[in-house]
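Worksheet: one structure, shown below.
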Number of protein chains: 2
Amino acid sequence: MSSNAAMAETAALVGDPARACMLNALMDGRALTAGELASVAGITAQTASGHLARLSAAGLLAMERQGRHRYHRLASPAVARMLEAIMQVAGAAPPPALPRRIGPADAAMRRARTCYDHLAGRLGVAIAEAMAARGQVELATDGGAVTPAGQDFLTGFGIIPEPGGSRRAFCRPCLDWSERRHHLAGGLGAALCARCFELGWVKRVPQSRAVLVTRAGEAGLRQAFGIELG
Amino acid sequence: MSSNAAMAETAALVGDPARACMLNALMDGRALTAGELASVAGITAQTASGHLARLSAAGLLAMERQGRHRYHRLASPAVARMLEAIMQVAGAAPPPALPRRIGPADAAMRRARTCYDHLAGRLGVAIAEAMAARGQVELATDGGAVTPAGQDFLTGFGIIPEPGGSRRAFCRPCLDWSERRHHLAGGLGAALCARCFELGWVKRVPQSRAVLVTRAGEAGLRQAFGIELG
DNA sequence: CGCATGCTTCGGCCGCGGCCGAACTGTGCG
DNA sequence: CGCACAGTTCGGCCGCGGCCGAAGCATGCG
């Protein structure tokens with residue numbers, strides 16, 4: 001009865017070409033701005049705004065303000081799974097993942113850079129996702145925490161976990177500019193970044209926020225986090 | 001691009017309350033008539049007809065004529081999976097599976113009966129599904145086949161697989177009246193039915209198409225097919 | 001401060017599509 | 001053959017919702 005109505009409502013949201021286009025563009029887990037989504041859907045910003053509001057209200061999307069931008073992303077893996085299931089029935093091959101050029105044009109910046117006091121770019125995101133996958137940190141939209149396993153790892157990595165003091169913001173997710181996924185910020189992000197510099201794994205590029213991953217860094221990252229930047 | 005359009009089209013089909021209602025009613029794998037589907041959706045027959053035609057054209061439903069009835073069912077497990085994924089996102093609990101009374105009112109008939117020369121009812125459907133699950137038979141909409149493993153099983157069960165003669169219709173699915181799922185018909189269905197009588201597993205109920213599963217039958221069916229009629 | 005930018009809200013246009021009544025096909029039954 | 005019943009097709013009504021132009025906030029920058 002009402003479950004039918006709820007199902008229909010959700011499906012109807014996906015059932016509009018413009019909205020389907022936007023959802024599809026978010027399938028890789030990145031977060032995009034309203035303007036970008038309007039562009040990929042081929043509609044004006046005001047129309048997109050309405051769609052995005054409805055998608056968020058229905059719990060399909062999550063929104064995150066950052067300055068004067070608003071980043072939208074799929075609200076949960078369940079949404080992605082649903083979209084995949086629909087595409088399967090629709091007989092549509094998953095989209096060719098067109099390499100839309102977003103973020104900084106500089107390849108080195110996209111690969112690795114600092115964001116204030118922590119690491120960003122593919123490197124920063126890879127570290128965050130590796131630690132999350134291994135259960136060392138738990139990331140939520142509005143915060144995060146280091147698990148006991150994470151404490152152990154950090155100690156072994158040469159980072160002394162914070163005493164009770166400014167615990168609040170110690171482990172915090174931050175939306176990555178170029179990757180549009182979360183990397184680690186807060187005290188933890190800063191400590192990881194500092195330790196990587198200390199170990200000689202990364203070096204600053206003069207006059208730029210970009211950092212260079214050294215040979216030693218590639219080996220160390222592979223061993224410590226299982227990361228392969230490619 | 002076009003994959004977005006295909007996805008939107010499919011989702012839009014589910015996105016109508018009436019169609020969602022019908023699809024939901026088919027989630028258990030049974031096949032229902034257009035009239036029944038119209039009834040559960042609370043719309044007239046002519047409106048339902050239009051919906052069903054569109055759903056079939058899009059490959060969400062499969063239709064099967066039987067006399068002057070037209071039975072509709074989900075076209076594939078992928079469709080069921082999609083619907084489940086949508087319901088999950090919609091936060092709707094799967095419908096309480098309201099026990100709609102369909103088919104013959106006689107409980108014995110629903111449990112087990114003969115259909116011409118083969119077994120039907122919960123028993124017939126259970127045998128067909130058990131054999132399909134074990135890879136002994138392969139059932140398609142318009143025919144079926146006994147696999148090598150199935151040949152072995154049948155030999156052990158005391159059935160001599162047909163010689164090349166009337167092979168065509170030896171293994172054939174037949175839509176079950178009360179269960180609205182397929183049971184086995186054709187030469188195979190007849191042979192299985194005959195053997196069950198021969199083994200004393202089932203007995204005819206006088207003046208009725210219903211058959212009774214004996215104590216020996218319950219044990220035998222459990223052992224031979226892993227069936228538990230409950 | 002004022003301007004530019006990103007996004008939202010409002011108002012109105014318009015077309016798609018769901019709905020039903022009525023009429024038609026086709027199957028089964030006596 | 002005529003009747004009953006399941007299902008479809010046709011035609012027309014109507015409302016929901018997508019779309020954009022214009023105007024209204026918010027944030028950031030010089």
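We name chains A, B, ... by the order of the sequence lines, and we start the count at 1 in each one.
Rounded to the nearest 0.5 angstrom, L55(A) CG and M63(A) CE are separated by 12.0 Å. One finds the CD atom of E129(A) at 9.5 Å from the CG atom of L139(A) (value rounded to the nearest 0.5 Å).
Side chains of E36(B) and H72(B): a donor-acceptor N/O pair is absent below 3.5 angstrom, by distance only.
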With 3.5 Å as the limit, what N/O pairs link the protein to nucleotides 8-16 of chain C?
| from | atom 1 | to | atom 2 | distance (Å) |
| --- | --- | --- | --- | --- |
| dT8(C) | OP2 | S49(A) | OG | 2.6 |
| dT8(C) | O5' | S49(A) | OG | 2.9 |

What nitrogen or oxygen pairs link the protein and nucleotides 26-29 of chain C at under 3.5 Å?
none

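In this structure, I43(A) places its CD1 atom 11 Å from C1' of dC20(D), rounding to the nearest Å. For the pair H69(B) NE2 and dT8(D) C1', the computed distance is 16 Å after rounding to whole Å. Whole-Å rounding puts the E36(B) CD to dC5(D) C1' distance at 14 Å.
Sorted by residue number, the list of members of residues 14-22 of chain B with any non-hydrogen atom under 4.0 Å from DNA chain D is empty.
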Q: Verify side chain to side chain contact (heavy atoms under 4.5 Å, CB included) between F197(B) and V202(B), making sure each step is shown before the conclusion.
A: CA-CA 5 Å; F197(B) 274 111; V202(B) 295; 3.8 Å; yes
Q) Under the salt bridge (charged side-chain N to carboxylate O under 4.0 Å, His left out) criterion, do R110(A) and D176(A) qualify, and how do the steps go? A) CA-CA 10 Å; R110(A) 286 204 305 276; D176(A) 193 278; over 6 Å; no
**Q.** Stepwise salt bridge (charged side-chain N to carboxylate O under 4.0 Å, His left out) test for R30(A) and E179(A)
**A.** CA-CA 7 Å; R30(A) 289 183 308 182; E179(A) 293 298 306; over 6 Å; no
Q: For side-chain hydrogen bond (donor to acceptor under 3.5 Å, both in side chains), just list the numbers for S178(B) and R111(B), CA-CA rounded to whole Å, side-chain angles, deciding distance to a tenth of an Å, and then say yes or no.
A: CA-CA 9 Å; S178(B) 57; R111(B) 183 177 165 87; over 6 Å; no
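Using modelled atom types, no side-chain atom of T47(B) and backbone atom of I43(B) make a donor-acceptor pair closer than 3.5 Å. Remark: side-chain polar atoms of H118(A) are paired, donor with acceptor, to backbone N or O of C115(A) under 3.5 angstrom. Remark: the backbone N or O of L13(B) is paired with a side-chain donor or acceptor of R19(B) at under 3.5 angstrom.
Close to dG17(C), at under 4.0 Å from its OP1 or OP2, lies no side-chain N or O of R54(B).
In this structure, of dC19(C), dC7(C), dG17(D), it is dC19(C) that holds the atom nearest to the side chain of H51(B).
The side-chain contact (heavy atoms from CB on, under 4.5 Å) with E84(B) is formed by just one residue from the set M87(B), M82(B), R81(B); it is M87(B).
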